[in-house]
Amino acid sequence: EKGTYPHYMLKEIDEQPLVTRKIIQAYQNDSGNLTIDEEIISAVNDADRIYIVAAGTSYHAGLVGKQFIEKLAKIPVEVHIASEFGYNMPILSEKPLFIFISQSGETADSRAVLVNVTKLGYKTLTVTNVPGSTLSREADYTLLLHAGPEIAVASTKAYTAQLAVLAILAEVAGASKGFKHEFDLVQELGIVANGMEVLCDAKEEFEDIARSFLSTTRNAFFIGRGIDYYVGLEGSLKLKEISYIQAEGFAGGELKHGTIALIENGTPIIALATQESVNLSIRGNVKEVVARGANPCIISMKGLEMDGDTFIIPEVHELLTPLISVIPLQLIAYYAALHRDCDVDKPRNLAKSVTVE
Ligand code: M6R
C-alpha cells in the first residue's frame, strides 16, 4: 500500500535506504561477513566470461555490475540488451556464465535468451526481486533483491537493489579467490544507505531543480564519464518514461562527435561528477556545452565539488556512487513528471512487466 504517499514511485524511492540495509543483512552470515551460496560462487569463478542479459533499467544496472565484477572478481563481463541478443549472438567464450537481471523475473525478451542458452547447455543465474518468477524457476541459480514489491512502472528501488546485490556477488566471488582490497563492503554499503537517506530528505531541492531546469523544456541531456555515464543513461530513461521529455544520456567525451550540435540556448544538461579520475574532464565537457548556451545542472560528490555546482551528494566509495547518484535523477524525473501533470505511476504506453517479445 502506498499509505500517505501520493505515488508508489515516491514511496519506492524513499524505501531505498531500508532496502539497502535489508540486503546487507540478507547476505551476511552469523559472523557478519558477506556470504553467497557456494554453488553460485563456483559457477561465477569457473566462468571465463560472464554475459549479463537484461532490459531497460535492469540493463543499466548490468552496465554498472560489469564494473563491480571486473574490478572485484577480475572476470571479464559483457552486457547485452536481451531483445538484441537472440539474433545477434556474440561469439561465446568456452565457459560462459549467463546472468539475467530482471526485477519482475518475467521479461519475455530476457526469458527467450535464457531458454536458448539453457538449450545450449550453459549455466544461468537470475538476479530478481520476485521469488518463484519464471526467470528464477528456469535458471540454475537465483539471487534475490529483497526490495519488496515494486509497483510503479518506473523502476527505482530495484535498480539500487540490483547494484547492491551485484556488488556483493562480485565481492564474495573475488574474496573466495583471495583478492583483497582496501575497503569493507558491509561498511561501505552502510555509508551508502546513510547517504541515500540524506538525499531522500532533500526532496524540496530536487523539486526546485526539476522546476527550474525541466518545466518547459522539450528535451534534456545527461552526461557523465565512466560509471557516471551509465547512471546518466538510467536518469534519462527515468525522465523520458514518466515525463515524456525527450532525454538522452551521453558519455561526456562523445559530445563533440555529434550530439553537441543539439545544444541550443537553455538546453538543460544534467552532468554527474562523482569520479575523481574524470572530474576535470567532465567539467571540461560542461564548459563546452555552456559555451553553446546550455543550462547546466551539475550534481557532484562531496570532495569533488566546485563553485557553481547545483547539488552535492554525500561521499561514498567511488565504485558505489551509482547507488546514490541515481537518487537525485529519480527525484528530478518524479517532480518533472508531476509538474507536467503526467500519470507518474502508470505512464502511457508502458506496462510494469513486459511479457511479450
Ligand atoms: O522486470 P525487468 O527488470 O526485467 O524489467 C525490465 C524493463 O522492462 C524495466 O526495467 C523498464 O525499463 C522500467 N520501466 C524502467 O523504469
Side-chain angles (χ1 to χ4, degrees), residues 7-13 15-16 19 51-65 79-86 98-115 124-139 142-166 222 230-245 247-249 322 326-334 336-337 342-357:
H7 298 100
Y8 281 107
M9 183 181 177
L10 195 61
K11 173 172 181 266
E12 289 161 4
I13 290 173
E15 283 170 354
Q16 293 176 105
V19 170
Y51 296 81
I52 293 181
V53 177
T57 290
S58 298
Y59 169 73
H60 295 153
L63 295 172
V64 178
V79 191
H80 291 271
I81 293 176
S83 61
E84 286 289 305
F85 195 91
F98 284 84
I99 300 184
F100 295 88
I101 307 177
S102 175
Q103 186 285 131
S104 62
E106 302 297 340
T107 298
D109 289 327
S110 302
R111 179 170 184 247
V113 179
L114 172 62
V115 169
T124 54
L125 161 66
T126 289
V127 178
T128 183
N129 199 25
V130 185
S133 57
T134 308
L135 277 123
S136 167
R137 282 185 280 109
E138 294 182 353
T142 295
L143 286 176
L144 291 176
L145 298 180
H146 302 282
E150 192 182 64
I151 311 288
V153 165
S155 184
T156 54
K157 63 176 178 174
Y159 173 80
T160 45
Q162 285 161 346
L163 297 187
V165 170
L166 290 167
F222 291 76
Y230 304 137
V231 179
L233 293 177
E234 173 56 11
S236 77
L237 176 59
K238 268 327 56 106
L239 186 65
K240 64 187 135 187
E241 74 176 322
I242 60 168
S243 77
Y244 317 139
I245 296 171
E248 287 189 70
V326 76
I327 293 180
L329 308 189
Q330 296 169 343
L331 284 165
I332 291 169
Y334 172 78
C342 299
D343 187 347
V344 171
D345 281 341
K346 285 195 167 52
R348 69 186 181 207
N349 310 341
L350 290 171
K352 179 62 182 164
S353 53
V354 184
T355 52
V356 288
E357 272 180 61

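We count ligands from 1, going down the list as the structure has it; atoms in each ligand are counted the same way.
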Quiz item: For Gln103 and ligand 1, does the shortest N/O to N/O distance drop below 3.5 Å?
Solution: yes
Quiz item: Got an N/O contact under 3.5 Å between Lys352 and ligand 1?
Solution: no
Quiz item: For the side chain to side chain contact (heavy atoms under 4.5 Å, CB included) test, which of Leu114, Ile99, Val115 pairs with Thr124?
Solution: Leu114
Exercise. Return a yes/no value for Gly56: is any of its N or O atoms, backbone included, closer than 3.5 angstrom to an N or O of ligand 1?
Key: no
Quiz prompt | Parallel, tilted or perpendicular: ring planes of His80 versus Phe85, cut at 30 and 60 degrees | solution = perpendicular
Practice problem: Would you check whether Glu241 has a nitrogen or oxygen atom less than 3.5 angstrom from a nitrogen or oxygen atom of ligand 1? | Solution: yes
Quiz item: Among protein heavy atoms, which sits nearest to atom 7 (C) of ligand 1, and what does the distance come to when rounded to 0.1 Å?
Solution: Ala55 O, 3.7 Å
Quiz item: What residues, two or more places apart in sequence or in another chain, satisfy side-chain contact (heavy atoms from CB on, under 4.5 Å) together with Ala54?
Solution: Ser58, Tyr59, Ile101
Quiz item: What is the closest protein heavy atom to atom 1 (O) of ligand 1, and at what distance does it sit?
Solution: Ser104 OG, 2.6 Å
Practice problem: Would you mind checking if Glu357 and Arg111 are paired as a salt bridge, meaning a charged N to carboxylate O distance below 4.0 Å? | Solution: no
Quiz item: Hey, which atoms in ligand 1 end up nearer than 4.0 Å to a heavy atom of Ser58?
Solution: 2 (P), 3 (O), 10 (O)
Quiz item: Do you know which two heavy atoms are closest between Ala158 and Leu145, and how far apart they sit?
Solution: O-CD1, 4.1 Å
Exercise. Report the part of Glu106 in contact with ligand 1, treating N, CA, C, O as backbone and CB onward as side chain, heavy atoms under 4.0 Å; options are side chain, backbone, both, neither.
Key: neither
Practice problem: Please indicate whether Lys240 has more than 12 foreign heavy atoms, meaning atoms of other residues, nucleotides or ligands, lying under 6.0 Å from its NZ. | Solution: yes
Quiz item: Between Lys238 and Ser243, does a side-chain contact (heavy atoms from CB on, under 4.5 Å) hold up when you go through it step by step?
Solution: CA-CA 8 Å; Lys238 268 327 56 106; Ser243 77; over 6 Å; no
Self-check item: Closest approach of any protein heavy atom to atom 13 (C) of ligand 1, naming residue and atom
Solution: Val153 O, 3.7 Å
Quiz item: Tell me, which protein residue and heavy-atom name are nearest atom 5 (O) of ligand 1, and how many Å apart are they?
Solution: Thr107 OG1, 3.5 Å
Exercise. Under 4.0 Å from a heavy atom of Ser155: give me the atoms of ligand 1 that qualify, with their elements.
Key: 15 (C), 16 (O)
Exercise. Under 4.0 Å from a heavy atom of Ala154: give me the atoms of ligand 1 that qualify, with their elements.
Key: 16 (O)
Exercise. Answer yes or no: does an N/O atom from Ser110 fall short of 3.5 Å to an N/O atom of ligand 1?
Key: no
Exercise. List every atom of ligand 1 that sits less than 4.0 Å from any heavy atom of Thr57, numbering the atoms from 1 in the order shown and giving each element.
Key: 10 (O), 12 (O), 15 (C), 16 (O)
Self-check item: For atom 8 (O) of ligand 1, the protein heavy atom that lies nearest, with its residue and separation
Solution: Val354 CG2, 4.1 Å
Indicate every side-chain donor-acceptor pair of residues 129-136 with a distance under 3.5 Å to a residue at least two apart or in another chain.
from	atom 1	to	atom 2	distance (Å)
Asn129	OD1	Ala147	N	3.0
Asn129	ND2	Gln103	OE1	3.1
Asn129	ND2	Gly148	O	2.9
Ser133	OG	Val130	O	2.8
Thr134	OG1	Glu106	OE1	2.5
Thr134	OG1	Glu106	OE2	3.3
Thr134	OG1	Arg137	NH2	3.4
Ser136	OG	Thr142	OG1	2.9

Quiz prompt | Atom indices of ligand 1, in the order listed, that fall short of 4.0 Å to a heavy atom of Lys238 | solution = 15 (C), 16 (O)
Quiz item: Between NZ of Lys346 and CD1 of Ile151, what distance do you get to the nearest 0.5 Å?
Solution: 8.5 Å
Self-check item: Between OG on residue Ser353 and CD on residue Glu150, distance to nearest 0.5 Å
Solution: 11.0 Å
